[in-house]
Amino acid sequence: APPAPRKGGMLQLAASELDLDRWLAVTDGIGDGAGGTSSFAALQVDAAAARFLGRHWHRVHVQGESKGPVWSLAMAADEAQGSVRVTLGKEGAERVEGRFAKLMMPEAEEERQAPQEGHLPAFDLTVDRFGLGDRWLGALALRASLAPGRWSLDALTLEVPSVFHIDARGVWRDGDKTQTTFSATMTIDDAGKTVRHWFDTGGLKGGTGTLSLKGHWPGAPLDFDLYRVSAEGEIEVTNGRFEEIDPGVGRLLGILSLQNLPRRLLLDFGDVFAKGMAFDRFHGNFALNDGYLTTGNLRISAPSATVEMVGM
């Protein structure tokens, strides 16, 4: 194992490949366990590739210094550009404040261990350009707080101006049966652009509306698994148009097929309305349980037709 730096000194790490998770474990996560005091006062990292938080980053440069339990860090990598202030406690980071021009979070390793409640810090984070993997999602702002037995997502916003705006909140309660609950609302300024942004598909033009979702899953926030989520939601989009697409085969049978319901919920009706169709309102409720999406009353109201959907 690499030796820890002397107390009050500077930790310098330079390598073509670097496992920062291992280094921080050796140095007790930067702190020495005595109320968040540091085992070294300055830090500089340069690596062509680095593993951090169970994720792989590239062309990494980090420079920082500490004042008592507070670390100020400047970070640059292919995936990130910004600054962070980390307040340390006896069990690691207690509060993380970050301002990023860019943060494209790499995919996490499959065998990453989720943190316990006491190891998930409070957050105050803003990112001008946020994404997961190589997929850009939007501008992100996040605030979260800690209290005994719970971690609260006080406010999360994600937006692409003139396309959509998401507001979300959540709570992680620790105990015999840990559970994360959440609620989210998407305000849709342009439904066609929103569908293309999230699902890389066309077929819809214009439309405004809202989508709301409320639910929960067992475990911590990072234990999220679509097949363990239970949620209920509602969608309403008005004044949009399904665009003209080359005719397909069996369009009527296609709209009646339950196997096609997920694409219908993405507002993909191009195979049905081959000549295009304006609609006044698309609305209804749906539920998500154990990976199955069900609905009992989704309806498209238009001058030329009314479409209703029931199934999973």
> Can you measure from CG (Leu146) to CG (Leu120) and round to the nearest 0.5 angstrom?
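Result: 7.0 Å between the selected atoms.
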> Flag the pair Arg135 and Asp200 as a salt bridge only when some basic side-chain nitrogen lies within less than 4.0 angstrom of an acidic carboxylate oxygen.
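Asp200 and Arg135: salt-bridged.
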> Does the side chain of Val62 come within less than 4.5 Å of Gln44's, by heavy atoms?
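No, too far: nothing below the 4.5 Å cut-off.
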> Apply the side chain to side chain contact (heavy atoms under 4.5 Å, CB included) test between Leu142 and each candidate in Leu153, Val127, Thr157; give the one that qualifies.
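That would be Leu153.
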> Check whether any side-chain heavy atom of Val237 lies under 4.5 Å from a side-chain heavy atom of Phe279, and answer yes or no.
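Touching, per the 4.5 Å side-chain cut-off.
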> Is a side-chain donor-acceptor pair under 3.5 Å present for Asp154 with Ser145?
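Asp154 and Ser145 do have a side-chain donor-acceptor pair below 3.5 Å.
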> Quick check: does any side chain N or O of Asn297 sit under 3.5 Å from a backbone N or O of Asn285, one acting as donor and the other as acceptor?
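It does hold such a pair.
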> Under 4.5 Å between any side-chain heavy atoms of Asp280 and Thr238, yes or no?
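Answer no - side chains too far apart.
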> Could you check Asp124 against Arg143 for salt bridge (Lys or Arg N to Asp or Glu O under 4.0 Å), going step by step and ending with a plain yes or no?
CA-CA 5 Å; Asp124 184 350; Arg143 288 189 295 107; 5.9 Å; no
> Taking the basic N atoms (NZ, or NE/NH1/NH2) and the acidic carboxylate oxygens, is any pair closer than 4.0 Å for Lys67 and Glu65?
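No salt bridge links Lys67 with Glu65.
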> For Lys102 and Ala77, work out which heavy atoms get closest and say how close.
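Taking every non-hydrogen atom into account, NZ-O, 4.2 Å.
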> Between Asn289 (side chain) and Tyr292 (backbone), is there a donor-acceptor pair under 3.5 Å?
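Here the side-chain-to-backbone pair does not exist.
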> Verify the cluster assignment for Phe123 and Val171: are they in a single hydrophobic cluster under the rule of side-chain heavy atoms below 4.5 Å apart?
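Looking at the clustering, Val171 is in a separate group from Phe123.
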> Where do Ile235 and Phe282 land on the side chain to side chain contact (heavy atoms under 4.5 Å, CB included) test, with the steps shown first?
CA-CA 8 Å; Ile235 185 170; Phe282 177 101; 3.8 Å; yes
> Taking the side chain as C-beta and beyond, is there a heavy-atom pair between Pro106 and Glu79 under 4.5 Å?
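With C-beta onward as the side chain, the pair touches.
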> Treating Asp21 as the side-chain partner and Leu53 as the backbone partner, does any N or O pair qualify as donor plus acceptor under 3.5 Å?
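Answer holds: yes.
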> Parallel, tilted or perpendicular, judged at 30° and 60°: which one describes the rings of Phe52 and Trp57?
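If you compare the ring of Phe52 with that of Trp57, the planes turn out tilted.
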> Please report the closest heavy-atom contact between Ala144 and Trp151, naming both atoms and the distance.
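Result for this residue pair: CB-CZ2, 3.3 Å.
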> Tell me whether Val96 shares a hydrophobic cluster with Met104, the cluster being built from Ile, Leu, Val, Met, Phe, Trp, Tyr side chains joined at under 4.5 Å.
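Result: yes, single cluster for both.
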> Hey, does the Lys NZ or Arg CZ of Arg150 hover above the aromatic six-ring of Trp172, less than 6.0 Å from the centre and inside 45° of the axis?
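Judged by the rule (NZ or CZ under 6.0 Å from the ring centre, within 45° of its axis), Arg150 is not positioned above Trp172.
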> Ion pair present between Arg281 and Glu236, side-chain N to carboxylate O less than 4.0 angstrom?
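Between Glu236 and Arg281 there is a salt bridge, with a charged N closer than 4.0 Å to a carboxylate O.
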> Please confirm whether the ring centroid of Phe182 lies under 6.0 Å from the ring centroid of Trp217.
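Yes, the ring of Phe182 comes within the 6.0 Å limit of the ring of Trp217, centre to centre.
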